[in-house]
Amino acid sequence: MKTLFVLRISTVILVLVIQKSYADIPECDYFDTVDISAAQKLQNGSYLFEGLLVPAILTGEYDFRILPDDSKQKVASHIRGCVCKLKPCVRFCCPHDHIMDNGVCNDNMSEEELTELDPFLNVTLVDGSVSRKHFKNELIVQWDLPMPCDGMFYLDNREEQDRYTLFENGTFFRHFDRVTLSKREYCLQHLTFADGNATSIRIAPHNCLIVPSITGQTVVMITSLICMVLTIAVYLFVKKLQNLHGKCFICYMVCLFMGYLFLLFDLWQISISFCKPAGVLGYFFVMAAFLWLSVISLHLWNTFRGSSHKANRFFSEHRFLAYNTYAWGMSMVLTGITVLADNVVEDQDWNPRVGEEGHCWIYSGSSLVSHALLLRSNGFSYCF
Ligand SMILES: *[C@@H]1O[C@H](CO)[C@@H](O)[C@H](O)[C@H]1NC(C)=O
Ligand SMILES: *[C@@H]1O[C@H](CO)[C@@H](O)[C@H](O)[C@H]1NC(C)=O
Ligand SMILES: *[C@@H]1O[C@H](CO)[C@@H](O)[C@H](O)[C@H]1NC(C)=O
Ligand SMILES: *[C@@H]1O[C@H](CO)[C@@H](O)[C@H](O)[C@H]1NC(C)=O
Ligand SMILES: *[C@@H]1O[C@H](CO)[C@@H](O)[C@H](O)[C@H]1NC(C)=O
């Protein structure tokens, strides 16, 4: 009875072990394998794949493929070999004779185009030297791996901001945001480039669209907003703080708060339905914040210097009114000029382009981040 039990257990274990080795090649990443079903099988179980001898131990039968999110998709059973352990690979998006324009694989390259294409890749070796390699003769083309993602953009390494490094082991390094991608996150393919009047076909890397993370910015902004509300509350409740300086400071804080609020609306795309007004209002409050800051500076300067302006009695009595007129009035004038320029100026370089390029803010060429940074340095210095 006991022996039967042990036997059964060991059978189960055996089956499990067999199943495991049946599916996976030991110590081989799926993204280092290639479908070698079409290769010639030798008598001792090895395969001869594109002139490369693949030992039986580096082959396995697969009935699935691994998608970029690590899930498995069932496919027809086929033999794969861990070829990239034997020879450097290059990860293509589509079969080697396809061209990928606008993210779609096309097999319509003519014979003429096939001979015209530039077949060389710049591969960086382990010692850091760059070697020019023929994509098909010197490397193994991996093309049957699942596409990294749906939306892709390509890089043109003639452009400064599009520089990249392709390492021999398949690691891809994008220079401008210093991101390292593995073979599951990028692919290469022939692409038609416009060179002045002519076109050329070269191998270009295709990367997944970069979706900016708004979590970090949201946390920072909300922290700042809470800080500002607390500061304003303290100034409103503590009677001792309600002197002229305190009043100016509250105005400054309220402007900063509003500026931030519109930045947050933009970040969360709440202001999309009233984009231009939101951008203009945001600009108004940011300008008012800076003007109130200048008022505070002036006031502090006057205070420390001692009040020698007794002569101008009217001004002393109505100082807060004067400050208000200056800060709000100047902001209105500046905002007015901006709105006018937005409507009148034809030259795109001088037009504020409020609400364009997907941001409900003055167009800055870069992202919202620069505004946020500018405001943040201002906000934090008063917050803490
Ligand atoms: C399998 O056979 C090939 C050619 O017959 C030979 O070159 C190779 O070394 C053999 N592999 C093993 C693991 O015996
Ligand atoms: C191949 O077909 C696609 C659309 O099917 C087209 O956009 C592209 O220009 C064609 N390329 C060539 C080289 O004919
Ligand atoms: C490889 O590098 C050379 C020289 O820097 C450059 O002209 C060529 O376009 C590069 N090739 C590819 C496919 O990027
Ligand atoms: C590939 O090579 C580069 C440079 O030699 C190295 O930084 C990277 O860690 C390597 N990647 C893997 C997966 O070994
Ligand atoms: C492009 O074509 C125009 C007119 O056909 C010609 O004047 C110009 O020099 C060409 N540019 C290049 C870079 O070949």
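Order of appearance sets the numbers: ligands from 1, and atoms from 1 within every ligand. Quick caveat: nothing in here was measured; it's all calculated off a predicted structure. We use all heavy atoms of the structure for the numbers below, so side chains are in, but hydrogens, waters and symmetry mates are not.
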Checklist line | All side-chain contact (heavy atoms from CB on, under 4.5 Å) counterparts of Glu27, not counting sequence neighbours | finding: Lys85
Item checked: side chain to side chain donor-acceptor pair (under 3.5 Å) partners of Ser271, counting only residues at least two apart -> none
Margin query: Just to verify, what does Ser37 make a side chain to side chain donor-acceptor pair (under 3.5 Å) with, not counting sequence neighbours?
Written below: Asp35
Note to self: Under 2.5 Å between the SG atoms: is that true for Cys93 and Cys105?
What the structure shows: no
Note to self: With rounding to the nearest 0.5 angstrom, report the CE to CZ distance, Met258 to Phe262.
What the structure shows: 5.0 Å
Next item on the list: Determine whether the side chain, the backbone, both or neither of Ser46 has a heavy atom under 4.0 Å from any heavy atom of ligand 1.
Entry: side chain
Check: Which ligand 1 atoms are under 4.0 Å away from a heavy-atom of Leu53?
Finding: 7 (O), 8 (C)
Note to self: Angle between ring planes, Tyr323 versus His299, binned at 30° and 60°: parallel, tilted or perpendicular?
What the structure shows: perpendicular
Check: Given Lys183, which of Asp29, Thr171, Asp32 fulfils the side-chain hydrogen bond (donor to acceptor under 3.5 Å, both in side chains) condition?
Finding: Asp32
Write out each pair where an N or O from ligand 3 and one from the protein are under 3.5 Å apart, with the distance.
from	atom 1	to	atom 2	distance (Å)
ligand 3	2 (O)	Asn122	OD1	3.3
ligand 3	2 (O)	Asn122	ND2	2.3
ligand 3	11 (N)	Asn122	ND2	3.1
ligand 3	14 (O)	Asn157	ND2	2.8

